[in-house]
S.K.: 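Below are the structure tokens for one structure; questions will follow.
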Amino acid sequence: MPYRAGARSSKLCEPAPGYGSQPCPRYPILAVLLANESEVSVKSAENPLPRAAPGGIAARALQAQRAPYLDPLNAEQRHAVETLEGAVLVLAGAGTGKTRVLTTRIAHILATGAARPHEILAVTFTNKAAREMKERIGGLVGHAVEGMQWLGTFHSIGVKFLRRHAELVGLKSDFTILDTDDQIRLLKQLLQAENIDDKRWPARQLAVMIDGWKNRGLGPADVKGGDDHVFANGRAAELYAAYQERLKTLNAVDFGDLLVEVIRLFRDNPDVLADYHRRFRFMLVDEYQDTNVAQYLWLRLLAQGAKNLCCVGDDDQSIYGWRGAEVDNILRFERDFPGAIVIRLENNYRSTGHILATASHLITHNEGRLGKTLYTEGEAGEPVGVASAWDSEEEARAIGEEIEELQRQGHALNEMAILVRASFQMREFEDRFVTLGLDYRVIGGPRFYERMEIRDALAYFRATVQPADDLAFERIVNTPKRGLGEVTLQILHRTARAQAIPLLQAAADLIETEEITPKARQSLREVVMNFARWRDQIEHLPHTELAEIILEESGYTEMWQRSRTADAPGRLENLKELIRSMEDYDSLPAFLEHIALVMDTDQEGAVDAVNLMTLHSAKGLEFDTVFLPGWEEGLFPHQRALDEGGRAGLEEERRLAYVGITRAKQRARIRFASNRRIHGLWQTSVPSRFLDELPEDHVEVAEASTSYGGYGGGAYGASRFDEQDTFASAYTTPGWQRAKAYAGRSAGGRRGAKLIEGELVAKSVVEEGSRYAVGERVFHVKFGYGRITRIDGNKLSIDFEKAGSKKVLESFVERH
DNA sequence: GGCATTTGGCTTTTT
DNA sequence: GCCAAATGCC
């Protein structure tokens with residue numbers, strides 16, 4: 001293993017100044033230590049560096065004691081790594097070397113011989129995190145990481161448990177894993193069967209409820225009489241039970257089951273649990289603040305064994321409450337695991353002083369946190385910039401210019417990121433970057449495996465491999481169109497249900513009868529025969545080849561080839577890419593298993609490009625320069641978070657702001673616009689309350705942003721600069737004043753506002769009818785005078801005398 | 001059954 | 001204002 005070019009010191013790995021994700025050079029000594037005697041020779045051939053000769057137990061102990069991998073750690077990190085016994089909670093603030101601690105701890109466990117690779121359970125939330133952890137451990141311990149078969153996400157490890165003991169929870173070990181899409185289609189069928197209007201009670205909503213229950217570890221029986229009354233007149237629990245039953249018949253599980261069924265497995269089978277207690281000597285959990293109740297229960301059951309549990313997390317970075325994460329889990333850790341040791345990592349290696357101070361000060365406005373005081377030994381750097389723009393378009397334009405300026409100064413685009421609250425904000429930036437010819441990449445957008453054509457193709461593969469996979473079969477039975485419509489499908493379903501057989505089997509039976517029209521029968525016969533033929537070939541053909549044959553013979557490829565829609569070529573390209581990606585797997589079933597759990601594709605680019613993503617997907621990443629646009633009330637904090645989450649919702653939004661700022665290493669620039677078009681309506685926006693929570697000493701408010709000489713500015717060019725100055729200078733007075741003014745106006749106007757514990761939480765109220773009439777002349781504070789041309793509830797279409805026609809909310813205009 | 005039109009909804013996202 | 005899904009018509 002050669003040293004990396006550009007390693008900056010003679011030490012193997014510098015004390016982490018800020019490069020949390022930088023791969024650390026391997027420790028050859030450790031690699032040898034961990035190799036079995038028989039493998040040492042292989043290892044040494046690969047390894048040109050001088051190292052100590054492999055030896056017996058004494059030599060091993062000696063080398064472990066030297067433990068060079070501990071050198072880069074600071075005192076707290078080292079404490080966290082070396083405290084192997086008992087429960088340990090590592091409260092790792094942003095940029096304090098959380099991942100380093102986790103990976104080094106695992107290396108330490110292995111190096112000291114406290115456990116072998118397969119005796120360590122290491123859990124992450126995302127596949128990406130698992131992959132990265134594996135890579136970094138590999139950097140420390142070499143190929144020994146391959147033995148860590150229990151390193152993965154909660155879900156992938158859950159699948160492993162369930163496949164091993166499927167029969168104990170009423171499944172067969174080849175069960176299929178349904179994704180959200182399958183889940184909703186299944187629920188829809190259920191609602192139809194129960195004669196419940198799925199217009200009024202959407203399947204999607206029920207899916208969310210069921211997920212919510214599973215996240216809290218609740219089965220159908222636990223829900224009864226509880227909070228299910230809101231759906232379908234209290235039939236939610238009953239539907240939940242029916243759904244679970246359907247899943248069992250289909251030999252399928254959804255994502256929630258991967259947690260809940262594991263809990264049930266362990267609870268009902270103490271002997272199985274005891275077996276795992278013996279196995280797992282050490283357990284480690286990443287991002288503990290993101291665990292939900294089910295995951296907590298899952299962990300607690302397992303942790304009753306060796307009791308060596310190490311959880312790493314940061315309560316200030318809990319931003320997934322809306323999908324069931326319980327910050328409480330981390331807040332309660334010491335109570336849940338008596339004798340637990342809490343170690344705080346507060347030395348930040350990522351951000352400059354101003355950035356860190358800004359983020360820290362902001363987050364102190366939250367109550368109910370464990371509290372950490374982050375500090376840095378680095379420079380103060382640039383203050384955090386705050387500036388405004390007239391509207392979102394100009395915001396994008398200004399940021400575009402700043403990016404180009406930084407680029408001229410020699411900064412890499414890869415080191416810049418724009419973090420938005422909601423994905424619709426991305427569009428304006430994309431438009432702008434396309435115009436400028438600036439390379440950008442969107443992180444976390446629509447995922448490859450969620451595309452229609454990919455899901456269709458996968459359905460074909462699933463139905464081939466797993467003839468009982470009704471959901472897959474149903475998806476593609478009439479795709480491409482082959483004249484098998486509603487009627488035929490109904491008959492199919494009836495037959496299948498009556499005899500309790502899979503749809504494909506029912507289809508095979510039906511084509512022998514007179515029940516369906518000859519035309520449909522012919523089509524169906526072809527489908528049935530196709531699947532039978534493909535299944536026969538599984539054993540005889542390489543799976544990639546078979547996949548191609550399936551897509552070809554089913555007419556699926558042809559369907560897109562004939563299509564003259566603009567996206568057809570792209571879809572065909574995606575299908576090719578799908579086949580290509582299958583080459584990495586041994587068989588069709590192995591590939592499908594992977595797909596079910598790993599819905600992400602890595603597109604980390606080699607090209608230099610600006611990164612565009614939501615604040616949520618930015619967690620765990622870092623950039624030299626971070627732009628944070630859209631800091632406006634209603635958008636950030638988001639109105640819905642306030643309406644639905646109240647104070648807790650506001651605090652989560654604030655944590656999101658904290659996450660955003662702490663992504664920046666050198667420069668953080670916060671922006672807000674005075675006007676924004678939301679749902680196609682122009683709305684005047686009030687600067688975010690978070691701006692007022694920033695520490696003055698560390699923030700620099702731009703007086704007025706660059707002027708863009710009236711170009712492309714729309715119909716009201718002259719006034720826009722006046723307006724902008726108003727807003728830019730307005731910020732220098734406390735924005736709280738304006739927020740209050742806004743509250744007053746809202747309350748006095750047509751919207752209700754309420755105060756929650758002294759914090760303004762504006763609540764939008766749906767109004768019926770309008771105080772205005774078509775043809776009335778009104779005044780708008782930004783657009784001037786105009787005449788109403790149309791009224792849609794509280795939305796007015798107005799033909800402005802100067803600004804042209806716009807749609808605005810009626811609360812923003814006055815009668816004139 | 002297939003296409004054209006209308007309707008509704010609209011924060012964040014993993015597995 | 002924009003997109004997907006659902007309805008409605010041929």
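The shown structure was predicted, so the numbers you read here are calculated from the model rather than taken from an experiment. Proteins get letters first, then strands, A, B, ... in listed order; numbering begins at 1 in each.
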S.K.: Please report, rounded to the nearest Å, how far the P atom of C/dA6 is from the CG atom of A/L191.
M.R.: 13 Å
S.K.: When all nucleic acid strands are considered with a 4.0 Å heavy-atom cut-off, which category describes A/S423: base, sugar-phosphate, or nothing?
M.R.: sugar-phosphate
S.K.: Just the rounded figure in Å: distance from C1' of B/dC10 to CD of A/Q425.
M.R.: 14 Å
S.K.: Using atom CD of A/Q205 as one end and atom C1' of B/dG9 as the other, report the distance to the nearest whole Å.
M.R.: 13 Å
S.K.: Which sits closer to the 5' end of DNA chain B, A/L258 or A/G483, going by the nucleotide each is nearest to?
M.R.: A/G483
S.K.: Taking the six-membered ring for Trp, does A/H155 stack with B/dT15 (centroid gap under 5.5 Å, planes within less than 30°)?
M.R.: no
S.K.: Which of these, A/R655, A/R323, A/K619, sits in a salt bridge (charged side-chain N to carboxylate O under 4.0 Å, His left out) with A/D290?
M.R.: A/K619
S.K.: Can a donor-acceptor pair be found between the side chains of A/N292 and A/N215 at a distance below 3.5 Å?
M.R.: yes
S.K.: Ignoring backbone atoms, establish whether A/R640 has a side-chain N or O less than 4.0 Å from OP1 or OP2 of B/dT11.
M.R.: yes
S.K.: Let me know the distance between CZ of A/R204 and P of B/dT11, rounded to the nearest Å.
M.R.: 13 Å
S.K.: Within this structure, what is the CZ-to-P distance between A/R655 and B/dT11, rounded to whole angstrom?
M.R.: 20 Å
S.K.: Answer yes or no: is there an ion pair linking A/E261 with A/K248, defined by an N-O contact shorter than 4.0 Å?
M.R.: yes
S.K.: Tell me the interatomic distance from A/F424, atom CZ, to B/dT12, atom P, rounded to whole angstroms.
M.R.: 8 Å
S.K.: Could you tell me the separation between the CZ atom of A/F255 and the P atom of B/dT13, rounded to a whole number of Å?
M.R.: 16 Å
S.K.: Ignoring the backbone of A/N478, work out which of B/dT13, B/dG2, B/dT11 is nearest its side chain.
M.R.: B/dG2
S.K.: Out of B/dT11, B/dG2, B/dT13, which nucleotide sits closest to the side chain of A/K481?
M.R.: B/dG2
S.K.: Nearest to the side chain of A/T614, heavy atoms from C-beta on, is which of B/dT11, B/dT15, B/dT12?
M.R.: B/dT12
S.K.: Answer with yes or no whether the side chains of A/N329 and A/Y288 bring together a donor and an acceptor at under 3.5 Å.
M.R.: no
S.K.: Counting side-chain heavy atoms from CB outward, which of B/dT11, B/dG2, B/dT13 is closest to A/H679?
M.R.: B/dT11
S.K.: Mapping A/S617 and A/T488 onto DNA chain B by nearest heavy atom, which one lands closer to the 5' end?
M.R.: A/T488
S.K.: Rounded to the nearest Å, what distance is computed from the CG atom of residue A/L635 to the C1' atom of nucleotide B/dT12?
M.R.: 11 Å
S.K.: When we call it a touch if two heavy atoms are under 4.0 Å apart, what does A/L484 touch: a base, just sugar-phosphate, or nothing?
M.R.: sugar-phosphate
S.K.: Among B/dT13, B/dT15, B/dT11, which is the nearest nucleotide to the side chain of A/R421?
M.R.: B/dT11
S.K.: Of the nucleotides B/dC10, C/dC3, C/dA6, which one has an atom closest to the side chain of A/R427?
M.R.: C/dC3
S.K.: So among A/T291, A/V260, A/I157, which one has a side chain to side chain contact (heavy atoms under 4.5 Å, CB included) with A/W298?
M.R.: A/I157
S.K.: Under 4.0 Å between a Lys/Arg side-chain N and an Asp/Glu carboxylate O for A/R689 and A/E633?
M.R.: yes
S.K.: Pick base, sugar-phosphate or nothing for A/G256, based on heavy-atom distances below 4.0 Å to the nucleic acid.
M.R.: nothing
S.K.: Side chain of A/E644, heavy atoms from C-beta onward: which of B/dT15, B/dT11, B/dT12 has the nearest atom to it?
M.R.: B/dT11
